[in-house]
Amino acid sequence: MQIRTDEEKKELKQHGDYTFPVRLSEEMLSRYEGGSFMWHWHSEIELTLIRKGCIDYHVNGEHYLLKEGDGIFCNSNVLHSGYRVGSSDCQYFSVTFHPKFIYGFENSVLQTKYVQPILNTGYFSSSVFCRGEESQDHVLSLLWEIFDLYCKQDKDMEFRLHLILSEIWFSLYQRFLLVSCPESGGAAYIGRLKDILEYIHTSYRQPLTLEEIAEQAHLSKSECCRFFKKHMHMTLFDYLLYYRIQQSLPLLKEGQCTIAKAAELSGFSNACYYSKIFRREMHCTPKQYQNSFIDPDGSH
């Protein structure tokens with residue numbers, strides 16, 4: 001599977017509903033095509049607890065190597081993605097909730113004083129919790145409590161979950177107050193990064209030039225390359241190839257087209273080059289990947 005998004009990379013999946021705007025889920029990177037979930041964003045806040053393994057987690061211009069027992073806060077409306085580290089899998093627990101679950105009524109003191117300042121800032125897009133520091137251990141223990149609630153499904157789970165998330169939010173608020181505001185322009189660079197990614201994601205099937213991509217962000221070609229590498233921790237060209245490979249995976253899995261056709265539909269000029277990049281990214285050939293979804297009776 002892969003995360004379903006609209007053209008602006010906003011996730012389409014619903015995270016709870018108006019009666020209880022929270023979604024709890026156990027996840028594994030191996031369930032995603034290519035062992036990673038692609039860039040996306042959503043208006044809900046997300047807390048993630050790493051249960052087993054490790055993950056290379058990217059949020060806006062930052063990336064973190066999260067290990068078993070670590071956690072991360074991902075703010076509303078920020079771009080994030082997660083990648084395998086080597087060939088190992090990662091199991092994690094996700095808590096996704098709408099900010100209203102914390103503050104309740106619009107324009108309440110809880111919203112204006114404790115929630116909105118965090119949501120409206122460009123310099124608190126994420127926060128990591130690692131074992132060993134008292135305040136961080138406290139948040140991690142609360143995340144494990146939520147996981148325990150999820151497993152037991154007690155009758156009072158919703159109320160207890162509200163209390164725990166409120167306590168976590170207060171810890172985040174205290175951390176937020178200690179973070180100094182960096183130089184202005186954070187929102188501008190995130191908008192610029194979104195423009196580049198959106199252009200790649202909507203035009204990857206076509207031959208793309210660096211000049212065309214740079215124009216989307218109103219940058220020179222050299223500055224565009226530097227900007228992208230700084231915030232994405234990979235070159236623009238490597239990301240384009242990676243994204244094209246990811247988009248070809250469902251085509252191979254469904255078995256509706258040849259490898260050459262899958263290469264063409266995902267933006268590669270020839271099947272040989274596609275196979276070379278595919279092997280580099282997926283550690284197998286396109287044919288081996290396609291055959292892994294064929295049942296013994298020969299059907300997909």
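The chain is numbered in sequence order, starting from 1. All figures in this text were calculated on a predicted structure; none of them were measured in a lab. FYI, side chains are in, hydrogens and waters are out, and symmetry mates aren't considered; it's all heavy atoms of this structure.
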Practice problem: Assess the pair Tyr83 and Tyr242: is the distance between their ring centroids shorter than 6.0 Å? | Solution: yes
Quiz prompt | Tyr243 and His201 aromatic ring geometry - parallel, tilted or perpendicular at 30°/60° bounds | solution = parallel
Quiz prompt | Separation of Glu44 CD from Lys13 NZ (nearest 0.5 Å) | solution = 10.5 Å
Practice problem: Please work out whether the ring planes of Phe278 and Tyr289 are parallel, tilted or perpendicular, with thresholds of 30° and 60°. | Solution: perpendicular
Practice problem: Report the C-alpha distance between Ile164 and Ile168 in whole Å, list the side-chain angles of each, state the deciding distance to 0.1 Å, and finish with yes or no for side chain to side chain contact (heavy atoms under 4.5 Å, CB included). | Solution: CA-CA 6 Å; Ile164 295 171; Ile168 290 176; 4.2 Å; yes
Quiz item: Less than 6.0 Å separating the ring centroids of His80 and His40?
Solution: yes
Quiz item: Under 3.5 Å, side chain of Arg131 to main-chain N/O of Glu68, donor-acceptor pair present?
Solution: yes
Quiz item: Any side-chain heavy atom of Phe129 sitting closer than 4.5 Å to one from Arg175?
Solution: yes
Practice problem: Would you please say whether a donor-acceptor pair under 3.5 Å links the side chains of Ser126 and Tyr57? | Solution: no
Self-check item: Atom CZ of Phe20: over 12 foreign heavy atoms under 6.0 Å
Solution: yes
Quiz item: Where does the angle between the aromatic ring planes of Phe124 and Phe176 fall among parallel (under 30°), tilted (30 to 60°) and perpendicular (over 60°)?
Solution: perpendicular
Quiz prompt | Sub-4.5 Å side-chain heavy-atom contact between Tyr199 and Leu208 | solution = yes
Exercise. Examine distances only and state if a side-chain atom of Trp169 and a backbone atom of Tyr114 form a donor-acceptor pair shorter than 3.5 Å.
Key: yes
Quiz item: Looking at CG of Leu252 and NZ of Lys287, how far apart are the two atoms once the value is rounded to the nearest 0.5 Å?
Solution: 9.5 Å
Exercise. Compute whether any side-chain donor of one residue and acceptor of the other, for Glu211 and Thr209, lie under 3.5 angstrom apart.
Key: no
Quiz prompt | Main-chain N/O of Asp156 paired with Asp154 side-chain donor or acceptor, under 3.5 Å | solution = no
Quiz item: After noting the C-alpha distance and the side-chain angles of Asp238 and Arg280, does the key distance pass the side chain to side chain contact (heavy atoms under 4.5 Å, CB included) rule?
Solution: CA-CA 11 Å; Asp238 282 343; Arg280 186 185 75 185; 4.0 Å; yes
Quiz item: In Å and rounded to the nearest 0.5 Å, what is the CD to OG distance from Glu281 to Ser36?
Solution: 9.0 Å
Quiz item: For Lys261, does the NZ atom sit with more than 12 other heavy atoms under 6.0 Å from it, leaving out its own atoms?
Solution: no
Self-check item: Side-chain H-bond candidate by donor/acceptor type, Tyr274 with Ser248, under 3.5 Å
Solution: yes
Quiz prompt | Distance in Å, Asn75 CG paired with Glu46 CD, rounded so as to fall on 0.5 Å steps | solution = 11.5 Å
Quiz item: Are the side chain of Asn60 and the backbone of Val78 linked by a donor-acceptor contact shorter than 3.5 Å?
Solution: no
Quiz prompt | Donor-acceptor contact present, side-chain Ser203 to main-chain Gln206, <3.5 Å | solution = no
Quiz item: Tyr273 and Ile245: same hydrophobic cluster, using ILVMFWY side-chain contacts below 4.5 Å?
Solution: yes
Quiz item: If you measure from CD on Glu212 to CG on Leu210, what distance do you get to the nearest 0.5 Å?
Solution: 9.5 Å
Exercise. Could you please spell out the steps behind the salt bridge (charged side-chain N to carboxylate O under 4.0 Å, His left out) verdict for Glu106 and Lys100?
Key: CA-CA 8 Å; Glu106 292 292 330; Lys100 286 184 178 180; 3.6 Å; yes
Quiz item: Would you say the side-chain atoms of Asp56 pair up with the backbone N or O of Leu65, donor to acceptor, closer than 3.5 Å?
Solution: no
Quiz item: Is the backbone N or O of Leu251 less than 3.5 Å from a side-chain atom of Glu254, with the two atoms forming a donor-acceptor pair by type?
Solution: no
Quiz item: Nearest 0.5 Å, what's the CD1-CZ distance between Ile146 and Arg160?
Solution: 11.0 Å
Quiz item: Which is it for Cys151 and Phe147 under the side chain to side chain contact (heavy atoms under 4.5 Å, CB included) test, yes or no, and what are the steps along the way?
Solution: CA-CA 6 Å; Cys151 294; Phe147 180 69; 3.6 Å; yes
Quiz item: Is a side-chain donor or acceptor of Gln216 paired with a backbone partner of Asp195 at a separation under 3.5 angstrom?
Solution: no
Exercise. Determine the sole option in Thr96, Leu47, Val59, Ile45 for which the side chain to side chain contact (heavy atoms under 4.5 Å, CB included) test with Cys74 is passed.
Key: Val59
Self-check item: Ser108 (side chain) donor-acceptor with Tyr103 (main chain) under 3.5 angstrom
Solution: yes
